[in-house]
Amino acid sequence: MIRKVFSIQNIFMLLLLSSLIFPSRSYAQGMCPLDTLKPKKVGSLESFKRIPVLNQGRIKPLESYAQNLLLLFSGKTHYKKETAVEWLARFLFAPRTTFNDKIFLINSPEIAEALKIEPDKHRRYSYNQLSPGYDKLKELAEAISSIDEKNQSVVDKEILRVYSNVLLFLRLSGAFTFAVPHPDFYIESAETRALLNLDNDQTKFSFYNVLEKSEPLSQVAKTLETKEHLLWTDAEKDIGRILSALDFWSQHYSNCPLGLIPTQSPENEEWLSPMDTILGGFFDPAYKQEIKALRDMAVAYWDGSQLAFDINARMFSDSVSKRLSPTEKKITKKIPLELLYNQFNFLAWAKLFYALGFFIFLFSLTFKQKKLYQAAVAMTILGFIPHALALILRISILSRPPVSNLFETFVFVGLICVFLGCILEVVNKNWLGLVVANTCGFILLTIAGKYSAEGDTMQVLIAVLNSNFWLSTHVLAITIGYAGCCVAGIMGHIYILQLLAPKSDAKNSEITYKCMLGILGFGLTMTFLGTTLGGIWADQSWGRFWGWDPKENGALMIVLWCSIIFHSRIAKIINPLGAAVGCILALVNVMWAWFGVNLLSVGLHSYGFTSGIATTLGAYVVIELLFIAVSVIWLGKKNIKF
Amino acid sequence: MTYYLKYYYRLFICLGMLNFLLGSGNATELRQYEEVFIDVPQKHKMADSDPHAFMGKMPQDDIHSNLNLGDKDLQAQLNQSVAPGALNWVTPNNWLEKKETSGMRLASFMNKDTAYPIETTIVSLAGKAGGVSANVTRWMQQIKLAVPSMEELENFVNQQEKLKTQTGADVILIDLTKWQKETEAQAPSMIAAIIEKEDSQIFVKMTGSRESVIKNKDSLRSLVLSIQEAGSQK
Amino acid sequence: MKFKKKISKNRFVQFFASIKLTVICLFLLYILTFWGTVAQIQYGLYQAQNQFFHSLFFLVFGFIPFPGAQLVMWVLFVNLICVALTRFIYYSWRQIGILIIHAGLLLFLISGYVTLHSSHESYLNLKEGQASNVSAAYHDWEIAIWESSPQEDPLVNKNHVTAFDVSGLKPDQVIPIKHLDLQLTVKKFYKNCEAYTGDQSNKILSASGIGRLEPTELLKEPEKNTPGGIFQFNINKNKVLDVILYGGEAKPFSFQGEGKTYNVILRLKRYPLPFTLKLVDFKKEEHPGTDMARTYQSLVEILMDHAKREKLISMNDPLRYTDYTFYQSSFSIDKMGNESSVLAVVKNRGRLLPYISTFVTFLGLVIHFVTMAIRSRKD
């Protein structure tokens, strides 16, 4: 933590005195006439959303920050008709207008009940609804945080989440209060205003206005130091009050987790909120200029003056980026790319096209037309392009292979599956590859969507993963292996469905069978490579090639299972149907290794903790087993042996 | 079926014997090696001339030092210890109060007399922190004293000085120097006080060499007696 | 050809060359892997490893024997060799991929054996500035004895240590140490115990005032067990001492014999390293504004007889020296701001074997599937 040096500390020497005269009262808590006011807002936030901010170790545009913040609070990336960045602007510049916004997602109605709030059918509550129960929430959260994490129930975790969200909301809501007038700094007496060289036409001032006049303020403070307080004039008492308010504000609004302003010291990589910067050194010219720009942005937002807002936002960004270190500059240069990524929801488009492609296939089962085939090919390609684009953008934004968290692996495996499907289609031209591509693409992107709802998907990496070489060899190989096994699993389903179909075409199912084995072999090869490369990585960083860690075991199980299928085929233990069932089980295996293992939350690899997935995974396995059982029995009647 | 099972079991019995034979072969073997260990003079933030610097070698209240050893109960207890009402105290004349940044400690002190350095901490824990004997046992382990039998320990605790603070709270002053020989003047030692409150316990622990803590016992007593809850003065 | 026919008729070879056996073994291994993974929740990694993977067999519910992974892999090894002798012996170019794959797998099994028997892991915990030439085991213990010698520099300790493992000690066992003219008799030994002061009347000595030891049950995390015991020292055949040694003691027990002072201590087993390693500096970096570590690094100095060199050890970049590898494993920072770094030390003779096996097997897989793909295209 950095040490904050209060450069206007001498003013506060007096505070001990003044606090005797003005019994401590909660400043900033009192009703502000602005509460009832609404800002005029500005129409376009283009310049605002590209302001860089340091959050969770990464420099990102405010737009991404806004989306992640809103996602964290409410599980959505927009509030009603407002986009995330519009909401963030309103929240930062006019926080009180958001106190009635229902943005806090509380999944468990039990918690609402405990906090004595009427349960909401959308499970979202406003700050004003939560604040009466805040003490209760705090009490519960503190009790829970003493429990070992393993023993916390789902509700306990939810309470902790809600509590930390409310705390974050409160801290952030004070980020820009320094810029807007507040009763604590209203100065009715013209004499006081004159004493402080303040504008004589108005009475409503902000923290910032007063702070600007620190010179006359400290002069007055000095004279007051030696003066018996009974002899103070009214104006001097007024100034005593203002000094005390300044002190209170500087404590109350410090430690705000909004990293907007980089520090001047090159060793310190942290970025500070405006208030913390003011405390750290307001008289540094760069800081002063940046804080003024932020203040003017807030004022322009209230006045609805687009031009002033844009000019100041740009001025702020320019000033900040001038001071950045070369590595930081490199990152901020990628902000336009990230904005592009945010603007077009590539993955949603890809998902849509894959779904359309699949529906076209269903159509083609009844209407056999060549045009439908062409349309399905087009849909697959249309899905593939944004899908690939999204990944390419991520690679260039983060400068690392797109496989560092579960969300990314699902997107990446999806892409590989679609690619494998396309190759199959090029070879066979009989719908098989298209069906595989569209189903895999759609399903995997849907799962990925679920993971993206957990927050920022572009996190920084923990030390052990922070190696591009191994991420791009071991993790890429193993995820490609997963993709191969997934495709083989889907083809196992297709093969069985083809056998079950009333008019089964032996030639077609024969092709499916051969391709399935080929793809499974590909999956085996890549999984094997990935697993052993993982061993080599482990040897490089932990000193052992193999340690029977859950994740390693999961990958080994896939390799073993695939080789069991191949060997049983040679040993004539199973027939083609058996191999297809084996492929389906290989898919189950992949799911286990991919994220089932993380549910165990033991071992070195359990970085991607995934809660609440156990039931979904369990249900999936049951459905898969039922499907296998029913189809094997059915086909047994048709005299097709296992 | 049973026929096969019989073979199955026989196979494992043979394997078991083989395992036994292979495993019991190695007698205790002597190994010889050169051991080199190069230590560093204690590094510290304070000036080298200040003997307080060597306090780093002394076991502190550590709250944190014992935690990693897996003492779950203590951990839970510490986590529950939400800082209770603020305390006031009078720093003894010959002591200095240090800035305390760790959340657990309310305050820590060192004495001005550099010939006999000691360090004292005030820690407050909510609830009953495991009884007097449990704490004494823990402290004895911290200063590397062998823990006596339960009876001896109880006798020892009963013999310790009992006091009352200004606000009437019970205090027990635990003097662990009794367990050390007079000759061990430089051995790490500790005198500690436990103040019993209705809903919490306050620990005041003074650590240092045996002779230093004995020299500072009176200051500790005065510090302990001066402790009271903030605002309860009137 | 004659050899092949002869060998194919051998019943042993016939039995072990069956592919059905391969499938059974693979399936058993599959089950063991899954079981061993799930069991880690309850038993922890170490015990699960020993029970499921390093064992030849274990008992389920205490009476049903089940093969352990080591046994299964032995069978697979024999199976692979027999198959190689009977089936692969007349190979063709079409089968070259398969051959290479299985050669790689054979090498994998061998490297597993080598690693199991020739590697050991230990650690080195150094404060900045400290240096040592021995690493400590994680949970194996030894009794170490050395003669006190005058030290030129109070900071440099050099001792010639005689040590033996305590894992196999049994009561009444006699351990003669001839070159020190000492004899040690084990009176009591506990693998896990607690130490108490007790009546000092029974004349048992201890470095830290321990009077008696109480055995406690063995814990499932082996590193949490602290052994201790009562040992009788027979010094120069004329002096007898009864001494309690306990793993929790920091100081060695010292005794006199013929004008020499001996020190004895029960401590974690030490492994001599080929050089003295000094920790020069430890550094930890975090992602700005978070508690998440970005890197840990230890700058160490390798002190050899006449030369020294520096090396920066970080995550994913260990120090390698002959069969030894030093990894950044952990760290601690005490109240005084002294930073210390924990380096994991691994000695493994077969370290490169899995690398080679990986390469060979992967090559084989690629060749096989490419030839398969080309052949299926031709069909």
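Quick caveat: nothing in here was measured; it's all calculated off a predicted structure. Lettering follows sequence order; numbering is per chain, from 1.
- A salt bridge does not link D323(C) to K347(C): none of the charged nitrogens lies less than 4.0 Å from a carboxylate oxygen.
- Put simply, the side chain of N79(C) gets close to the backbone of S18(C): a donor and an acceptor are under 3.5 Å apart.
- No side-chain donor from either of T263(A) and E270(A) sits under 3.5 Å from a side-chain acceptor of the other.
- Looking at Q49(C), its side chain does come within 3.5 Å of a backbone N or O of G547(A) through a donor-acceptor pair.
- Contacts between T33(C) and chain A at a heavy-atom distance below 4.5 Å involve backbone atoms as well as side-chain atoms.
- Looking at I564(A), both its backbone and its side chain come within 4.5 Å of chain C, counting heavy atoms on both sides.
- If you measure heavy-atom distances from S329(C) to chain A, you find no contacts under 4.5 Å at all.
- Proximity to chain A (any heavy atom under 4.5 Å) is shown, for F362(C), by both the backbone and the side chain.
- Taking M372(C), R351(C), Q328(C), E285(C) one by one and counting their heavy-atom pairs under 4.5 Å with chain A, the maximum is reached by R351(C).
- Highest contact tally toward chain A, considering only V346(C), V345(C), L26(C), is held by L26(C) [criterion: heavy-atom pairs under 4.5 Å].
- Between F108(C) and F528(A), the two ring planes are perpendicular [angle over 60°; tilted spans 30° to 60°].
- With a 4.5 angstrom heavy-atom cutoff, S111(C) does not touch chain A via any of its atoms.
- In this structure, the portion of N589(A) lying under 4.5 Å from any heavy atom of chain C is its side chain and not its backbone.
- Summarising the geometry of S568(A) relative to V23(C), their closest heavy-atom pair is N-CG2, 3.7 Å, with the distance given to 0.1 Å.
- Ring geometry for F66(C) versus F58(C): interplanar angle of 30 to 60°, hence tilted.
- Interface remark: of the candidates M557(A), Q56(A), K572(A), H567(A), M557(A) forms the most heavy-atom pairs closer than 4.5 Å to chain C.
- Counting heavy-atom pairs closer than 4.5 Å to chain C, the top-ranked of the candidates I573(A), D539(A), T532(A) is D539(A).
- The residue among W546(A), W271(A), F566(A), F545(A) with the most heavy atom pairs within less than 4.5 Å of chain C is F545(A).
- Nearest heavy-atom pair across L343(C) and S298(C) is CD2-OG, 4.1 Å.
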